[in-house]
S.K.: 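Sending over a structure as C-alpha cells; questions will come in a sec.
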Amino acid sequence: MSVIQFPKDFVWGAATASYQIEGAWNEDGKGLSIWDVFSHTPGKVVNGDNGDIACDSYHRYEEDIALMKELGIKAYRFSIAWPRIYPQGSGEVNPKGLEYYHRFVDKLIENGIEPYCTLYHWDLPQALQEKGGWNNRETIDAYLQYAETMFKEFQGKIKYWITFNEPWCVSMLSNYIGAHAPGNQDLQLALDVAHHLFVAHGKTVRMFRELGIEGQIGIAPNLYWYEPYSNRKEDVEAARRKRAWYNEWFLDPLFKGSYPQFMVDWYKKKGAEVNIQPGDMEIIKEPIDFLGINYYSGSLARYKENFEDFDCEEIDEGYEKTDIGWNIYPEGLYKTLTWLTETYGPVPIYITENGACYNDGPVDGRVRDQKRIDYLQKHIIQLNRCIQSGVNLKGYITWSFMDNFEWAEGYSKRFGLVHVDYNTLKRTPKDSFYWYRHLVRTNWLDIR
Ligand SMILES: N=NNCCOCCOc1ccc(-c2cn(C[C@@H]3NC[C@@H](O)[C@H]3O)nn2)cc1
C-alpha cells in the first residue's frame, strides 16, 4: 500500500449546475431557458425527461448543503440560472431570483463552503435565443449586463467566478452536432457561436478588472486527449486535429490571441471560417486568474480518409467504459494537463469537472458504487503525477455532487456521489461519498 499526499491548501470540491438540479422551472418569476424549450420538445431527451423538477434543489438546497457539509468539501461549484435573474435575458431584474441565490450562497458560506460560481452553464434565456442567441453578437451585451449585475450583487460573497462552462459543448455539441440545446447543425454557426462566447468572456474579464471586483475569474473548457494509433504521420496528424477540435481551438485564443492556423485552414476546406472583428482577439486574450478544466475521457485516433469531420476514427477497443459509454483513460488527464502547461505556461488550474457515470442504485439502503471509486482514484492519482511534474494544480472539483439531469441523456445517467430517487427525491450518499469524504478530510489517498 502507498500513500499519496496532496498540498495542504489543495481545494477539494464537488459540482452541479442550475438546470440539472434546481427544478422550479417556472417559479418565482423565472423566464424560459433554451433547455426548458429543448427538453419539452419531443425526441430531444431520453424518455422525454426534462428539468421541470430535477432534484428540486431550488426548494431543498438546505438539505443539500447539509450533505455537502457532511462530505467535508471546501468548494462547491454551482451555476446561476440567467433566466432567474433576467427572465427576458436583459432589461428588468427579477428580485426573487437574486433573493434565491443570496439565500443559497449565504447558507454555503455559513457552512464554511466556498462558492465557485459558473455564470453560464448552458441555460440561455429563451428570449435571447429568439433574437439569434449566441449567433447574434448582441447577446454579448446582454451577457455583460447579467455578469455585471452578479459581480456587484455578490461582491464579497462569491470570490471565484467562471464565465462559461464547456464552450465546446455550447458551440460544437449544441450548434454543429445538434445533440444539445438549441440543436442546430451548422459548422459556420458553431464557429460564430464559439467566437461570440470568447468575446463575451474577454469583455467580462476586462469588466471584472475595471470594476475592481474582489476575487478571481476564469473559464472552464472541456478537454479530451487523443493519442495517435501509430507513429505514422497520417495518424499523428489525425490525432492532432481531433485534439485541436476540443482543446487548441478553445485554448489558443485565450492564451495566444489567435486560433490554431492548421484548424482555421481545415475548417476553410469545409466551407467555414471565423468572422473576427477588429480588436476581438485582443479582448479574448485578457489574462485570466485560473483555468477550470473538465476532463472525462479520451481515445486512440487513427487516420481514415473522408471519415466524419477530421478524417479520423476513434479506436477505443481495449478501454474499459463507464455506463455512459465513455472510455476510462486516466493517463489522458496527465497528458492533457502537462501538454497544457508546456504549451500555455503554468496557468493556475482547477479540475472543475471529473467523474464517472455509473447507474448503481440503493440495495438495502446502500449504494455500492465501487466502480466510481475506482474511476476517481485512478484520476486523482494522475493529479499527483501532474503536481510532481510542475502543473500548477490548485484543486479538484468532482462531477457531480448528486445525480442530476444529464442533458440529452435525461435521468438515465447518474454521475453523483449522492443518489437521487427521482420519484421521492430522497438523497442517499453512495459508497463513493464516504470514500471522497475520507480523501477530503485526510488530504491523502491510500492506494491499496
Ligand atoms: N464528441 N463527439 N460526439 C459525436 C456525437 O456526440 C453526441 C454526444 O456528445 C457528447 C459529448 C460530450 C458530452 C459531455 C457531457 N458532459 C458532462 C457534463 N459536463 C457539464 C456538466 O453539465 C455535465 O453534465 N461533458 N461532456 C455529452 C455528449
Side-chain angles (χ1 to χ4, degrees), residues 13-22 33-35 38-39 44-46 49 51 54-55 57 77-81 116 118-124 162 164-181 183-185 187 190 219-226 239 241-247 249-250 292-299 301 307-310 312-314 316 321-327 329 332-333 336 350-358 372 375 379 397-417 420:
T16 63
S18 47
Y19 188 78
Q20 295 181 271
I21 67 164
E22 288 179 356
S33 79
I34 58 174
W35 269 96
F38 194 76
S39 67
K44 298 297 186 186
V45 179
V46 166
D49 291 341
C55 306
S57 290
R77 179 179 174 233
F78 67 100
S79 75
I80 304 267
Y116 281 60
T118 307
L119 283 166
Y120 188 79
H121 201 125
W122 307 356
D123 40 2
L124 182 74
I162 292 168
F164 290 97
N165 185 70
E166 299 184 349
W168 179 90
C169 287
V170 180
S171 54
M172 291 296 169
L173 185 59
S174 306
N175 287 283
Y176 179 45
I177 295 168
H180 283 194
N184 298 313
Q185 293 184 298
L187 181 59
I219 187 170
N222 54 306
L223 308 183
Y224 291 75
W225 193 260
Y226 289 91
R241 288 192 295 273
K242 197 72 186 251
R243 283 199 305 270
W245 185 36
Y246 289 105
N247 305 345
W249 194 265
F250 295 92
I293 299 297
N294 295 359
Y295 175 89
Y296 289 93
S297 185
S299 191
F307 183 73
E308 295 185 345
D309 297 297
F310 301 101
C312 175
E313 61 178 342
E314 293 186 23
D316 61 5
K321 292 169 176 54
T322 63
D323 285 354
I324 199 170
W326 299 349
N327 296 336
Y329 184 22
L333 178 54
T336 301
Y350 290 87
I351 300 299
T352 37
E353 283 183 33
N354 174 251
C357 171
Y358 287 107
R372 175 172 289 102
Y375 175 100
H379 286 78
I397 298 174
T398 189
W399 184 270
S400 175
F401 168 68
M402 63 201 302
D403 293 340
N404 58 60
F405 177 81
E406 180 50 38
W407 309 111
E409 302 289 345
Y411 299 103
S412 69
K413 300 292 185 292
R414 295 176 178 270
F415 279 84
L417 298 179
V420 177

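Quick caveat: nothing in here was measured; it's all calculated off a predicted structure. Every number for a ligand or one of its atoms is a count from 1 in the order of the listing.
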S.K.: May I ask whether N165 places a heavy atom under 4.0 Å from ligand 1?
M.R.: yes
S.K.: Under 4.0 Å, heavy-atom basis, I'd like to know which part of W168 is in contact with ligand 1: side chain, backbone, both or neither.
M.R.: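 The answer is the side chain.
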S.K.: Closest non-hydrogen protein atom to atom 18 (C) of ligand 1, residue and atom name please, with distance?
M.R.: E353 OE1, 3.8 Å
S.K.: What protein heavy atom sits nearest atom 22 (O) of ligand 1, and how far away is it?
M.R.: Q20 OE1, 2.6 Å
S.K.: Could you label the plane-to-plane angle of the F405 and Y19 rings as parallel, tilted or perpendicular, counting under 30° as parallel and over 60° as perpendicular?
M.R.: perpendicular
S.K.: Does ligand 1 have a heavy atom under 4.0 Å from the side chain of W399, from its backbone, from both, or from neither?
M.R.: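 W399 to ligand 1: side-chain contact only, backbone stays beyond 4.0 Å.
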S.K.: So, N222 and N294: side-chain donor and acceptor under 3.5 Å apart, yes or no?
M.R.: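 Side-chain D/A pair, N222 to N294: absent.
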S.K.: Looking only at heavy atoms of Y224, does any of them come nearer than 4.0 Å to an atom of ligand 1?
M.R.: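 Under 4.0 Å: yes for Y224.
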S.K.: Decide whether the shortest distance between a heavy atom of H121 and an atom of ligand 1 is less than 4.0 Å.
M.R.: yes
S.K.: Give the residue, atom name and distance (to 0.1 Å) of the protein heavy atom nearest atom 2 (N) of ligand 1.
M.R.: Y246 OH, 3.4 Å
S.K.: N/O of E406 under 3.5 Å from N/O of ligand 1, yes or no?
M.R.: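 Between E406 and ligand 1 (N or O atoms, distance only) the closest approach is under 3.5 Å.
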S.K.: So, Y296 versus E353: side-chain donor-acceptor pair below 3.5 Å or not?
M.R.: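 Present: a donor and an acceptor within the cut-off.
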S.K.: Please write down residue, atom name and distance for the protein heavy atom closest to atom 28 (C) of ligand 1.
M.R.: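 Looking only at protein heavy atoms, the one closest to atom 28 (C) of ligand 1 is L173 CD2, 3.8 Å.
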S.K.: Which is it for W326 and ligand 1 at heavy atoms under 4.0 Å: side chain, backbone, both or neither?
M.R.: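 It is the side chain that touches ligand 1; the backbone stays farther off.
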S.K.: Side chain or backbone of F405 under 4.0 Å from ligand 1, or both, or neither, by non-hydrogen atoms?
M.R.: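 For F405, there is no contact with ligand 1 at all, from either part.
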